[in-house]
Amino acid sequence: MLRTPLLAAARSTACRRLVERTPVTRGLVDRFVAGSTQEQALPKVAELTRDRYVTLDHLGEDTTDAAQAQATVDAYTRLLAALAEQGLAGRAEVSVKLSAVGQFLPADGEKIALDNARDICRAAEAAGTTMTLDMEDHTTVDSTLSILRDLRVDFPWVGAVLQAYLHRTEADCRDLSGAGSRVRICKGAYDEPASVAYKDKAEVDKAYVRCLKILMAGEGYPMVASHDPRMVAIAQRLAATAGRSDDDYEHQMLYGIRDNEQVRLAAEGKRMRVYVPYGDEWYGYFMRRLAERPANMMFFARSLITRG
């Protein structure tokens, strides 16, 4: 019941002002966001990489200002240089939303996003690590996959993200399951219409498993983004059936969610990667985390009642 209004609030300027002004919000945001600056985030990354892997997201999306898009590119370039300098690049990569680097600019947005993504790829290559293109709502999928294809001409290691709740995703999994292809499969976090996406949780779960089967049976590198214990177990069974070793696929979870499970998987020898967001533009990301799990919303509500 709360998912749709929370996702609508994620795009509301008025709601953003209200949430940002709530005194208890910062403490809750810190549960999901590693800091407002690179300097705040990197010590947490260093701690995580002792037993896990990391992908870093400099928060921001829906940019319609060319200067802001370039500022995002510069932030990633600085981050990647810092990862190399601090010896973290071997266990930390970056995730990039194309809408944050110009995809929605009114003139030549897709070309600008491609050029900017190329600059980030060059910085990642120089640092000795990789980049994954985050996926956004269904209206961006064709554009994002087109840019992915162009990037992979020079940077074949660029990762892709697919969302299982979209009807089209099984076909996209087949297209991207070839040798060398890195694919993160998640359930999906946007409020999509029934014409393009499964709405029922059970149907989304079934679609996720179908996508896992395709990717595990393929020649690429699956990245299993799920906190659901059932999906984690299914992924491991499918990997074993496909003859994959523990370093031939990975689990991914969000920073601040199921930390004990992350540690357990890493201790068992599984490749466990944590999605670590940082930056001032945390609002949209934060609201989607609340929408994904009722427990997150209840945690927020209790904070408001007891500390507001």
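Along the sequence shown, residues are numbered consecutively beginning with 1.
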Say whether [X] and [Y], considering side chains only, have a donor N or O and an acceptor N or O under 3.5 Å apart.
{"X": "T55", "Y": "Q252", "value": "no"}
{"X": "D228", "Y": "S226", "value": "no"}
{"X": "H251", "Y": "Q236", "value": "yes"}
{"X": "E136", "Y": "T144", "value": "no"}

ask   = Can you list the residues that meet the ring-ring contact (aromatic ring centres under 6.0 Å, His included) rule with Y255, with sequence neighbours excluded?
value =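 Once residues adjacent in sequence are excluded, Y255 has no partner under the ring-ring contact (aromatic ring centres under 6.0 Å, His included) criterion.
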task = Under the side chain to side chain contact (heavy atoms under 4.5 Å, CB included) rule, what do R273 and R184 come out as? Steps first, then yes or no, please.
result = CA-CA 11 Å; R273 191 177 300 273; R184 177 195 303 155; over 6 Å; no
key: Test item: Q262 and D259 side chains (from C-beta on) under 4.5 Å apart, heavy atoms   = yes
inquiry  = Measuring only between side-chain heavy atoms, which start at C-beta, is T140 closer than 4.5 Å to F104?
reply    = yes
inquiry  = Under 4.5 Å side-chain heavy-atom separation, chaining through any Ile, Leu, Val, Met, Phe, Trp or Tyr, what else clusters with M253? Say none if it is isolated.
reply    = V232, L265, M272
ask   = How does the hydrophobic cluster around Y221 look, that is, which other residues are in it when side-chain heavy atoms under 4.5 Å mark a link?
value =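 Same cluster as Y221: M223.
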task = Only counting residues at least two apart or in another chain, list the ones meeting side-chain contact (heavy atoms from CB on, under 4.5 Å) with P106.
result =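 Applying side-chain contact (heavy atoms from CB on, under 4.5 Å) to P106 gives none.
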Check this for me, if you would: do [X] and [Y] make a salt bridge, where the nitrogen-to-carboxylate-oxygen distance has to be below 4.0 angstrom?
{"X": "E261", "Y": "R264", "answer": "yes"}
{"X": "R91", "Y": "D51", "answer": "no"}
{"X": "D205", "Y": "K187", "answer": "yes"}
{"X": "D142", "Y": "R168", "answer": "yes"}
{"X": "E47", "Y": "K44", "answer": "no"}

query = With respect to V101, which candidate in L114, T72, I112 satisfies the side-chain contact (heavy atoms from CB on, under 4.5 Å) definition?
reply =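 Between V101 and the candidates, side-chain contact (heavy atoms from CB on, under 4.5 Å) is satisfied uniquely by T72.
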ask   = Given V96, which of N116, I120, D134, V158 fulfils the side-chain contact (heavy atoms from CB on, under 4.5 Å) condition?
value = I120
query = Under the side-chain hydrogen bond (donor to acceptor under 3.5 Å, both in side chains) rule, what pairs show up with a residue in residues 145-154, not counting sequence neighbours?
reply =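 Qualifying pairs, neighbours excluded: R152-S181.
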Which atom of L59 lies closest to which atom of P277, heavy atoms considered =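 The answer is CD2-CB, 3.6 Å.
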task = Locate the shortest heavy-atom distance separating L148 from A160; write the atom from each residue and the value.
result =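 Nearest heavy atoms, L148 then A160: CD2-CB, 3.6 Å.
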task = Would you indicate whether Q40, at its atom CD, is surrounded by more than 12 heavy atoms from other residues, nucleotides or ligands within a distance under 6.0 Å?
result =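 Atom CD in Q40 is crowded, with more than 12 foreign heavy atoms closer than 6.0 Å.
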task = Taking atom CG of D200 as the centre, report whether more than 12 heavy atoms of other residues, nucleotides or ligands fall under 6.0 Å from it.
result =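 More than 12 heavy atoms, drawn from other residues, nucleotides or ligands, come within 6.0 Å of this atom.
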request  = Kindly write out the residues that satisfy side chain to side chain donor-acceptor pair (under 3.5 Å) with K111, not counting sequence neighbours, or none if the list is empty.
outcome  = D115
task = Would you please indicate yes or no on a ring centroid separation below 6.0 angstrom for Y165 and H167?
result = no
